[in-house]
Amino acid sequence: GDSLQLQNEYYKVTFDSDTGLVSQIENLHKGINLPITQNFYWYNASIGDAKSSQASGAYIFRPDSFNPLLISKTAKTYVVKHNAVYGEVILGALINKDVSSGKGQRDRWGKEIISRFKTPLQTNATFYTDANGREILQRRRDYRATWKLEQTEPVAGNYYPVNSRIYIKDGKQQLTVLTDRSQGGSSIMDGSFELMLHRRLLYDDHRGVDEPLSEPGDYNVGLVVRGKHILFLDTVDASADLHRPQAQQEFMSPQIVLSTGQQYPYWMG
Amino acid sequence: KADSFTLKEAMAVAQHHDAVSGTEKQHVADDYAKRLAAGWSRCQVLVSNALASLSGIKQNVHFCNYLNVSACRLTEAASNFTVVLYNPLPRRVTWNVRLPMNGTSYTVTDPKGKTVPNKVMQVSAFTKQVRQDKGSAVNELVFQAAAPALGFSTYSVSRLTEDSLWRRLAQRAQKTQL
């Protein structure tokens, strides 16, 4: 009945007791408290329509609707364990059951799966993505700096490469996500952002690859995708001090070597 | 043969947008993976030689290529082993080490012999599905390790048997009584 919480000395994350989904993140050091929801959705891939015969494919992202479909309203949270070392909440059967198994593809719908974070932050159509982990670029929805944009693809036309991070902010708070690989991302609505996790398509987009984007190539073989998003909530001024070093640590992470013999005595750098 | 060139070469090929964003045919994707794996295989020999040279200890080391899907033959089977953590960054880092295991209780000691807190977590059903027959671990051992700038640190892991667990409990009970 009570809401579930994971807490360490820096953060407290609350999970809704009814849905099992993240409902709030609190930065305990800074006294920042942000209601947040995260959920998985999928865009139904276009196979061409009256406007254009263009299908969604490897080069072209073209959903058939502005609104992605919710995969599951509840997360069936079934395990919460934590101690001083580690805390983990396992969300049971959230997306594998319904979407990513793909076995047989009986529904014949291409699926483009996203993780979307929603917050009450006033972001004024602005969000930020990185340029190969270095410069951070400001992105504005339905806007190009050097010409007057006539937006014909309200979702795809606002997607940008996210090589390592994406964030939104208002005057005080910033919500940042580090990704574990290059993904696409956008902020389709104010206060929210999303990352494209996986694409499984059934049609070629006729842009050169000459294959539908469907790993591992056989429609009858499912695929499980495992990845990591690292989320930071902090003040705008302090956020770069968090995500910059953490990104280095993730992307140049320690290498683990194992041995059954005697312990290596070397410790100095 | 030990060299890092094969991996450098494969990494260079993988800078192409096809490899980054997935706009390649499936057999090309498979080839990228093959090149990277061949490169990493030779780099492993290089790392082993470097470790032997720096530490003066010549022994076989083991790389677990499937830690990302919670599979590792060595940690699943061995009851005692050493974890070497190499840090390529020019500053000290702390890192959550996650190792696939089959036991339920472990002692972890840091390079100075001090006991490190650890936690044993269950391997999720998702993970078991991903790894298929690459491993059989039911649990994962998690502990926080530190490594110095551009250097390495070593941690020892020992599985606690039922006997040693009872002995520990008895010792603790005796202390409480005292």
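Proteins get letters first, then strands, A, B, ... in listed order; numbering begins at 1 in each.
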**Prompt:** Does Ile71(A) reach the side chain of Asn39(A), with side-chain heavy atoms less than 4.5 Å apart?
**Reply:** no
**Request:** Just jot down the ring-ring contact (aromatic ring centres under 6.0 Å, His included) partners of Trp40(B), sequence neighbours excluded, or say none.
**Result:** Phe63(B)
**Message:** Can you tell me which portion of Leu213(A) sits under 4.5 Å from chain B's heavy atoms? Options are side chain, backbone, both or neither.
**Reply:** side chain
**Request:** Assess the side chains of Arg207(A) and Gln54(A): does a donor N or O sit below 3.5 Å from an acceptor N or O?
**Result:** yes
**Message:** Can you tell me which of Arg91(B), His17(B), Gln44(B) forms the most heavy-atom pairs within a distance under 4.5 Å of chain A?
**Reply:** Arg91(B)
**Top contributor to chain A interface from Leu89(B), Asn87(B), Leu67(B) [non-hydrogen pairs under 4.5 Å]** = Leu89(B)
**Message:** Check Glu9(B) with Arg35(B), please: is the shortest side-chain N to carboxylate O separation under 4.0 Å?
**Reply:** no
**Asked** Can you name the residues that form a ring-ring contact (aromatic ring centres under 6.0 Å, His included) with His29(A), not counting sequence neighbours?
**Response** Tyr10(A)
**Item:** Which atoms of Pro245(A) approach chain B - backbone, side chain, both or neither, heavy atom under 4.5 Å
**Value:** both
**Item:** Flag for Ser164(A)-Asp130(A): side-chain donor and acceptor within less than 3.5 Å
**Value:** yes
**Item:** Region of Ser70(B) that comes under 4.5 Å of a non-hydrogen atom in chain A
**Value:** both
**Message:** Taking side chain as everything from C-beta outward and backbone as N, CA, C, O, which of these in Leu74(B) sits under 4.5 Å from a heavy atom of chain A? Side chain, backbone, both or neither.
**Reply:** side chain
**Request:** Check whether Asp205(A) gets within reach of chain B through its side chain, its backbone, both or neither, counting any heavy atom under 4.5 Å.
**Result:** neither
**Item:** Contacting region of Val116(B) [heavy-atom separation from chain A under 4.5 Å]
**Value:** neither
**Message:** With a sphere of 6.0 Å drawn around OH of Tyr66(B), does it hold more than 12 non-hydrogen atoms of other residues, nucleotides or ligands?
**Reply:** no
**Near-ring test Tyr43(A)/Phe61(A), centroid separation under 6.0 angstrom** = yes
**Complete:** Tyr11(A) meets the ring-ring contact (aromatic ring centres under 6.0 Å, His included) criterion, sequence neighbours left out, with none
**Request:** Would you mind checking which part of Ser253(A) comes under 4.5 Å of any heavy atom in chain B, side chain (CB onward), backbone (N, CA, C, O), both or neither?
**Result:** both
**Request:** Using a 4.5 Å cut-off on heavy atoms from C-beta on, say whether the side chain of Glu76(B) contacts that of Ser136(B).
**Result:** yes
**Message:** Please classify the contact of Gln183(A) with chain B as side chain, backbone, both or neither, using a heavy-atom distance under 4.5 Å.
**Reply:** neither
**Prompt:** Which residues, numbered in order, of residues 19-32 of chain B come under 4.5 angstrom of chain A by heavy-atom distance?
**Reply:** Val20(B), Gly22(B), Thr23(B), Glu24(B), Lys25(B), Gln26(B)
**Request:** Using the side-chain contact (heavy atoms from CB on, under 4.5 Å) rule, pick out the option among Asn158(A), Ile166(A), Val155(A), Thr129(A) that qualifies with Ser186(A).
**Result:** Asn158(A)
